[in-house]
There are 2 protein chains.
Amino acid sequence: MALDHAILVSLLEKPGSGYELARRFERSIGYFWTATHQQIYRVLKRMESDGWVDVRDVPQHGRPDKKEYSVAAAGRDALSAWLHAPIEPESVRHDLAVKIRGAAFDDPAALIGEVERHRQAHTDRLARYLAGEARDFGTPAPEDVRPDGDDPRVTDTPPDVDEPRDSGGQSGVERPLDAERELQHAVLRGGIAYERMMIAWLDDVLATLARFRTARS
Amino acid sequence: MALDHAILVSLLEKPGSGYELARRFERSIGYFWTATHQQIYRVLKRMESDGWVDVRDVPQHGRPDKKEYSVAAAGRDALSAWLHAPIEPESVRHDLAVKIRGAAFDDPAALIGEVERHRQAHTDRLARYLAGEARDFGTPAPEDVRPDGDDPRVTDTPPDVDEPRDSGGQSGVERPLDAERELQHAVLRGGIAYERMMIAWLDDVLATLARFRTARS
DNA sequence: ACTCACATGTAACGGGTTACATGATTGA
DNA sequence: TCAATCATGTAACCCGTTACATGTGAGT
């Protein structure tokens with residue numbers, strides 16, 4: 001249900017096409033929500049017919065034309081209503097934890113490679129988040145980048161927050177840009193804390209699994 | 001897709017009825033997976049017709065009869081195959097983070113109460129996990145129970161890991177009970193680390209939101 | 001009489017995933 | 001010529017959520 005609202009927030013931060021939204025969901029918004037382009041186009045169409053968003057055809061040179069979506073008044077109201085309604089603390093779903101408990105019934109040590117793969121994925125994500133934080137929020141990013149030894153091997157550092165939009169929007173500026181940036185940063189810090197926790201926990205799991213290394217038939 | 005496997009793991013740890021499984025998903029398994037009884041009955045029926053589980057009618061005195069499910073050979077094979085196949089690191093979905101970024105466009109301070117509610121829920125869960133850990137794994141649970149001041153107010157302490165099953169199963173004991181307990185404990189430690197991280201992050205968010213307390217029109 | 005815990009389901013809806021499909025332009 | 005990026009969609013399936021439904025026995 002919150003995909004609608006995630007899209008609204010993203011369009012408020014900066015209007016854009018379905019394709020552009022899909023890329024944002026692989027970057028900054030991906031810290032806390034994922035969505036494929038199929039989902040996004042479906043929701044955009046519904047929100048358009050509900051009058052939550054406005055569409056504008058943008059012809060482009062050297063590229064296919066695109067539809068630029070922006071939030072309409074009704075969409076803003078819907079978002080506001082959702083923001084003021086309480087939501088239940090989210091339920092967790094960790095496939096890997098199912099595997100770890102299941103490993104007790106099938107060679108625990110065989111899981112080590114899989115857990116290491118996940119640890120690497122989280123290390124990569126952490127490196128991306130930290131690079132984005134340094135770039136977009138100018139944090140010094142000093143000493144303890146990693147809670148433990150092991151090379152993060154950063155592969156790429158694309159911008160995680162979309163380029164700051166031009167300060168002159170035509171739809172009534174309503175809030176100092178500070179709040180937008182500060183809250184984006186707070187969410188990013190949550191992503192960083194999450195990745196750090198996961199890496200530390202996966203190290204814990206690896207140490208536990210290692211104790212069963214010779215136990216198989 | 002992993003609900004099937006979560007149920008198989010739970011039934012391997014101890015056979016039981018759909019109703020009992022539903023209660024386990026509110027307790028120990030709830031650390032990493034949630035499911036309602038409707039889902040569970042649906043999956044059990046499918047797994048039964050696929051020969052993954054066996055059913056046994058158990059008449060009871062003073063209570064409705066129940067169907068006790070246990071894992072069949074085919075179910076064990078299916079679980080094993082899944083354990084050996086790689087899975088992608090899970091995608092995150094945090095409604096609250098959507099709200100936090102959305103708050104920039106609608107009175108940030110209005111979110112404070114909501115964030116405090118979530119903080120309390122995570123504090124409660126942490127207290128439950130720690131109580132379960134102390135009970136089932138005998139950890140001393142010493143100094144820093146909470147990373148910050150605020151009363152957790154523990155309401156209840158039900159058993160989080162189901163009672164240790166009788167050591168004499170009839171279906172071929174294959175592994176010292178150590179692995180089962182150690183891995184359950186590792187997963188529980190993950191739940192504890194997650195709740196601690198969330199509490200610390202929500203404090204961070206609250207501090208950030210407080211900076212916008214007087215900013216509304 | 002009423003409520004709670006136990007116990008098992010059906011049905012409808014909506015959202016997420018995966019597969020399939022099209023077409024333009026740029027650069028190797 | 002082939003692959004990659006930009007750009008937008010349709011269709012089918014499965015899973016999770018919510019609402020509805022039924023019935024027993026124990027305790028207040």
Side-chain angles (χ1 to χ4, degrees), chain A residues 1-7 15-27 29-30 32-50 53 55-69 82 87-95 98 156 158 162, chain B residues 1-7 15-27 29-30 32-50 53 55-69 87-95 98 156 158:
Chain A
M1 189 65 99
L3 174 58
D4 306 37
H5 307 103
I7 288 175
S17 67
Y19 187 85
E20 282 161 357
L21 283 169
R23 278 186 305 140
R24 289 184 211 175
F25 274 92
E26 291 167 356
R27 300 203 186 296
I29 310 171
F32 53 92
W33 205 272
T34 55
T36 60
H37 77 270
Q38 292 92 335
Q39 279 178 273
I40 291 164
Y41 285 121
R42 193 206 273 157
V43 171
L44 281 175
K45 189 163 286 183
R46 193 184 67 229
M47 291 202 293
E48 188 195 342
S49 74
D50 289 351
V53 294
V55 204
R56 194 168 62 96
D57 266 48
V58 179
Q60 297 187 118
H61 53 289
R63 284 196 246 180
D65 298 352
K66 66 175 181 179
K67 299 182 187 175
E68 193 183 76
Y69 291 88
W82 180 71
I87 50 174
E88 287 311 299
E90 42 260 354
S91 48
V92 199
R93 246 154 224 179
H94 282 298
D95 296 69
V98 180
D156 198 10
D162 301 282
Chain B
M1 190 63 99
L3 174 57
D4 305 39
H5 306 103
I7 288 176
S17 67
Y19 187 84
E20 282 162 355
L21 283 169
R23 276 186 306 142
R24 290 183 211 174
F25 274 93
E26 291 167 357
R27 299 204 186 296
I29 311 172
F32 54 91
W33 206 270
T34 56
T36 60
H37 77 271
Q38 292 92 334
Q39 277 177 274
I40 291 164
Y41 285 122
R42 192 205 276 157
V43 171
L44 280 175
K45 190 164 286 185
R46 194 184 65 228
M47 290 201 294
E48 189 194 343
S49 74
D50 289 350
V53 294
V55 203
R56 195 168 61 97
D57 266 48
V58 179
Q60 297 187 118
H61 55 288
R63 283 197 246 180
D65 297 352
K66 65 174 181 179
K67 299 183 187 174
E68 194 184 75
Y69 291 88
I87 50 174
E88 286 311 299
E90 43 261 353
S91 48
V92 199
R93 245 155 224 181
H94 282 297
D95 295 70
V98 180
D156 198 10

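A note on names: the letters A, B, ... follow the listed sequences, proteins ahead of strands, and every chain is numbered from 1.
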Closest to the 5' end of DNA chain C, once A:Thr36 and B:Arg23 are matched to their nearest nucleotides, is B:Arg23

Taking the side chain from A:Asp57 and the backbone from A:Lys67, do they hold a donor-acceptor pair closer than 3.5 Å?
no

Take atom CZ of A:Arg56 and atom C1' of D:dA7, then tell me their distance rounded to the nearest Å.
16 Å

Just to be sure I understand the rule, does A:Ser17 reach a base, reach only the sugar-phosphate, or reach nothing, if contact means heavy atoms closer than 4.0 Å?
sugar-phosphate

Hey, does the side chain of B:Gln60 come within less than 4.0 Å of C:dC6's phosphate (OP1/OP2), counting only N and O?
no

What closest approach, in Å, do A:Ala22 and A:His37 show between heavy atoms, and which atom pair accounts for it?
CB-CB, 4.0 Å

Hey, does B:Trp33 have a side-chain heavy atom less than 4.5 Å from the side chain of A:Asp95?
yes

Check whether any side-chain heavy atom of B:Met47 lies under 4.5 Å from a side-chain heavy atom of B:Leu44, and answer yes or no.
yes

Side-chain N or O of B:Tyr19 less than 4.0 angstrom from OP1 or OP2 on C:dC6?
yes

Evaluate the side-chain proximity of A:Leu21 to A:Tyr69: yes if any heavy-atom separation is below 4.5 Å, no if none is.
no

Under 4.0 Å, heavy atom to any atom of DNA chain D: which of residues 40-50 of chain B qualify?
B:Arg42, B:Arg46

Which residue, A:Lys45, A:Arg42, A:Arg46, forms the salt bridge (Lys or Arg N to Asp or Glu O under 4.0 Å) with A:Asp4?
A:Arg46

Please list, in numerical order, the residues of residues 61-68 of chain B that have a heavy atom closer than 4.0 Å to any atom of DNA chain C.
B:Arg63, B:Pro64, B:Asp65, B:Lys66, B:Lys67

Taking only side-chain N and O atoms of B:Gln38, does any of them lie within less than 4.0 angstrom of OP1 or OP2 on D:dT18?
no

Go through the steps to decide whether A:Gln60 and A:Lys66 satisfy the test side chain to side chain contact (heavy atoms under 4.5 Å, CB included), and finish with yes or no.
CA-CA 7 Å; A:Gln60 297 187 118; A:Lys66 66 175 181 179; 3.7 Å; yes

Picking from C:dA7, D:dT17, D:dG9, the nucleotide nearest the side-chain atoms of A:Arg93 would be D:dT17

